[in-house]
Q: 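My structure is below; once you've seen it, I'll send some questions.
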Protein chains: 2
Amino acid sequence: MRPATQRKHAKILQAAMDVFGSKGSTNGTLAEIAEQAGMTHAGVLHHFGSKQNLLLEVLAYRDQADVAELADQHIPGGPELFLHLVRTAFANAQRPGIVQVYTVLSAESVTDEHPGRPYFEDRYRVLRGDVVAAFRELCGQQGVTSMETVDAAAAAILAVMDGLQLQWLLEPTAVDLAQASEFAIRSIVNGVLHPGPELRSYVE
Amino acid sequence: MRPATQRKHAKILQAAMDVFGSKGSTNGTLAEIAEQAGMTHAGVLHHFGSKQNLLLEVLAYRDQADVAELADQHIPGGPELFLHLVRTAFANAQRPGIVQVYTVLSAESVTDEHPGRPYFEDRYRVLRGDVVAAFRELCGQQGVTSMETVDAAAAAILAVMDGLQLQWLLEPTAVDLAQASEFAIRSIVNGVLHPGPELRSYVE
DNA sequence: GTCTATATGTAGATAGAC
DNA sequence: GTCTATCTACATATAGAC
C-alpha cells in the first residue's frame, strides 16, 4: 500500500475512534467520521467498504497501536502482569477518548448480532487466560489455590478495571481511576493468596 | 390512572426493557416495542409521548420494581450491605435480560448528550455513598482507614459487579457471575480492613 | 385508546463524473 | 481517490379517522 494511502487510512481510523467513542457505533455516522478525516462519506466507504468493516478495523487498530507503544517490549507474564495492568490503568487515566470507545463498544457488543461481539468475546477470553497464567505462577511460589478461585479472580481483575472506567467516564472528579484500580487489583491478588475472613463474619 | 391503562403501561415498559436490552436504546425501535406490547408504534407514543421519555421511564421502572421485590424490606446499611450486594449478584445470575438492559444502557449513557446520563450519574453517586457509609460503620468497629481507600473500595465494589456482568453476558459459561462477585467483594472488603502486601513485593 | 396515513429527517450504500 | 447525486430503507413523530 502506498504511504499516502496508509496515512489516509490512519486518519480515517483516528476519526472513527473519536466518533464511535463520542456517539457509539450505532449513533456515530460515516458523514461525521468523514468530516473529521477531511472528506465525504463516500470517500470513507471507498477505503473501508462498509461501516461494519470500519468498526472492526477500529477495534483491531487499537490492539496494534498498543503493541506499537510497547515497542518490542512484550506484555509481561507472571506476577509482573499485575503491575503491567496497574500501569495500564494509570495510562488510561490520561486518555479518556480511547477508554470511552472501548467502554461503549464492549457494552454495545452484547446486543443482538453486533459485529464487534466476536472480537470482545475473544479479547476477554485471551486476557482472562493471561491473568490465570500469572496467578498460577504466583501461587506456585506461595501456596495452593483452587482453580475456581483463580478463574474468579482473573475475571474480577478485568471486571474491576472496566467498571471503574465506566464510573470515571460518567464523573471523572468523583473516581480516581488509577488509584482505585491499583487498590482493587492488589486486594484481589491478596485475596487469592490469603483468603481472609468471610463477609458473614462482619455482621454482628 | 385507570387499572387497564396501568396494565398497558406496564406491558409497554416490559416490552421496552426487552427490546432496549436486546438492541440498545438507539437501535431498538418503537415499532418492535409496540409489536411486543400488542399495538402499533403510534399507540406506544400515545402512552409515553416520545421514545426518549419511554427510555427514562424504563430506567425508573426497574428501581421501582426492585423496591417492590424487596417488599417493605429496605436496603440494609452497615456491613449487611455487602451481603445484600452478594445476594443481588446471585439474583442477577438468574435474570440476564435485566442485567443486559443495564449493562448496555449504562455504557451508552456516557455518549454525547445521552438522555440516560443524568440517571446513571446519580445512580452511581448514590450507590457509592451507600457503600462508603457501610465501610465507615465497618471500619469504626475494626480500625482506622483513610478516606481515599474507602472511596476507592466503594467504587471498586460497584465496578467489579458491573464488569463481571459484561463478561458473563458475553460468555455465560466462562464466568460464574455469582461466585466471582462474592469472591471479589470479599477480597475488596478484606483489602480495606487488612491492606496486605503491595503488588511490587511479589516480583522476584 | 388505537389505528392508518403521512410528514420529515437521516442513515448506509451505489453509480458514475472528474 | 474523491466527489456529487441518487437510491433505498427505516426511524420518530404527527394528524386525524374510528
Side-chain angles (χ1 to χ4, degrees), chain A residues 1-59 104-105 108-109 111-117, chain B residues 1-59 104-105 108-109 111-117:
Chain A
M1 196 186 295
R2 290 178 47 238
T5 307
Q6 212 167 357
R7 273 199 302 278
K8 266 298 177 197
H9 262 248
K11 186 154 192 179
I12 294 168
L13 284 171
Q14 287 286 356
M17 276 193 57
D18 206 73
V19 172
F20 287 153
S22 303
K23 308 283 181 74
S25 76
T26 304
N27 240 352
T29 66
L30 291 176
E32 192 175 350
I33 292 165
E35 193 192 5
Q36 271 200 37
M39 56 173 76
T40 64
H41 82 276
V44 171
L45 286 173
H46 170 75
H47 284 281
F48 289 92
S50 73
K51 185 187 184 182
Q52 171 168 331
N53 189 55
L54 175 58
L55 170 64
L56 295 178
E57 298 228 30
V58 163
L59 292 173
V104 173
L105 295 187
E108 251 185 359
S109 78
T111 58
D112 289 356
E113 288 164 64
H114 191 283
R117 179 157 188 158
Chain B
M1 196 186 294
R2 288 177 49 238
T5 306
Q6 211 166 358
R7 272 198 302 279
K8 266 296 177 199
H9 261 248
K11 185 155 193 178
I12 294 169
L13 285 171
Q14 287 286 356
M17 277 193 57
D18 206 72
V19 171
F20 287 153
S22 303
K23 307 284 181 73
S25 77
T26 305
N27 241 349
T29 66
L30 291 176
E32 192 175 350
I33 292 166
E35 192 192 4
Q36 271 200 38
M39 56 173 79
T40 66
H41 79 276
V44 171
L45 286 173
H46 170 75
H47 284 280
F48 289 92
S50 73
K51 186 187 184 181
Q52 171 168 332
N53 189 55
L54 174 59
L55 171 62
L56 295 178
E57 297 228 31
V58 163
L59 292 173
V104 172
L105 295 186
E108 251 186 359
S109 79
T111 59
D112 290 355
E113 290 165 60
H114 191 282
R117 179 156 188 158

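A, B, ... follow the sequence lines: proteins, then strands. Residue 1 opens every chain. Quick note: numbers below take in every heavy atom, side chains included, and nothing from hydrogens, waters or symmetry partners. Bear in mind that the values here come from a model prediction, so they are computed numbers and not experimental data.
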Q: My understanding is that only one of A:T26, A:L30, A:I33 makes a side-chain contact (heavy atoms from CB on, under 4.5 Å) with A:K51; could you say which?
A: A:L30

Q: Rounded to whole angstroms, how far apart are CD on B:E32 and P on D:dA9?
A: 19 Å

Q: Rounding to an integer number of Å, can you tell me how far A:I33 CD1 sits from C:dT10 C1'?
A: 15 Å

Q: Would you mind telling me which of D:dT12, C:dT2, C:dA13 lies closest to the side-chain atoms of B:H47?
A: C:dT2

Q: Tell me: CD of B:E35 to C1' of C:dT2, nearest whole Å?
A: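 From B:E35 CD to C:dT2 C1': 16 Å.
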
Q: Output the single nucleotide from D:dC3, C:dG1, D:dG1 whose closest atom is nearest the side chain of A:T5.
A: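 When the side chain of A:T5 is considered, D:dG1 is the closest of D:dC3, C:dG1, D:dG1.
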
Q: Counting heavy atoms from C-beta on, name the nucleotide in C:dG1, C:dC3, D:dA5 closest to the side chain of A:H41.
A: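 Per side-chain heavy atoms of A:H41, the pick is D:dA5.
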
Q: Could you give the CG-to-P distance, from B:L30 to D:dT12, as a whole number of Å?
A: 4 Å

Q: Test your reading of the model: is there a side-chain donor-acceptor pair from B:Q36 to the backbone of B:V19, 3.5 Å cut-off?
A: no

Q: Which whole-number value in Å describes the distance from B:M39 CE to C:dT4 P?
A: 13 Å

Q: Reckon A:T40 touches a base, only the sugar-phosphate, or nothing at all at heavy-atom distances under 4.0 Å?
A: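 Counting heavy atoms under 4.0 Å across all strands, the contact made by A:T40 includes a base.
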
Q: Reckon A:L45 touches a base, only the sugar-phosphate, or nothing at all at heavy-atom distances under 4.0 Å?
A: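 Base: the residue A:L45, judged by heavy atoms under 4.0 Å, touches a nucleobase.
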
Q: Nearest of D:dT14, D:dT4, D:dT2 to any side-chain atom of A:H46?
A: D:dT2

Q: Can you identify which nucleotide, out of C:dC3, C:dA13, D:dA13, has its nearest atom closest to the A:K51 side chain?
A: C:dA13

Q: Take the angle between the ring planes of B:F48 and B:H9 and call it parallel below 30°, perpendicular above 60°, tilted in between.
A: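 If you compare the ring of B:F48 with that of B:H9, the planes turn out tilted.
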
Q: Please report the distance, rounded to the nearest Å, between CD in A:Q6 and C1' in D:dG1.
A: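 The distance from CD of A:Q6 to C1' of D:dG1 comes to 16 Å, rounded to the nearest Å.
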
Q: Any side-chain to backbone donor/acceptor pair from A:S22 onto A:D18? Under 3.5 Å, distance only.
A: yes

Q: Could you work out which one of C:dA13, C:dA11, C:dG1 sits closest to the side chain of B:R2?
A: C:dG1

Q: Whole angstroms only, please: what is the CG-P distance between A:N53 and C:dT14?
A: 12 Å

Q: Please find the pair of heavy atoms, one from B:S25 and one from B:H114, that lie closest to each other, and give the distance.
A: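 Looking at all heavy atoms of both residues, the shortest contact is OG-NE2, 3.4 Å.
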
Q: Rounded to whole angstroms, how far apart are NZ on B:K11 and C1' on C:dG1?
A: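 It is 15 Å, rounded to the nearest whole Å.
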
Q: Go through D:dG1, D:dT14, D:dT2 for me and flag the one nearest to the B:A42 side chain.
A: D:dT14

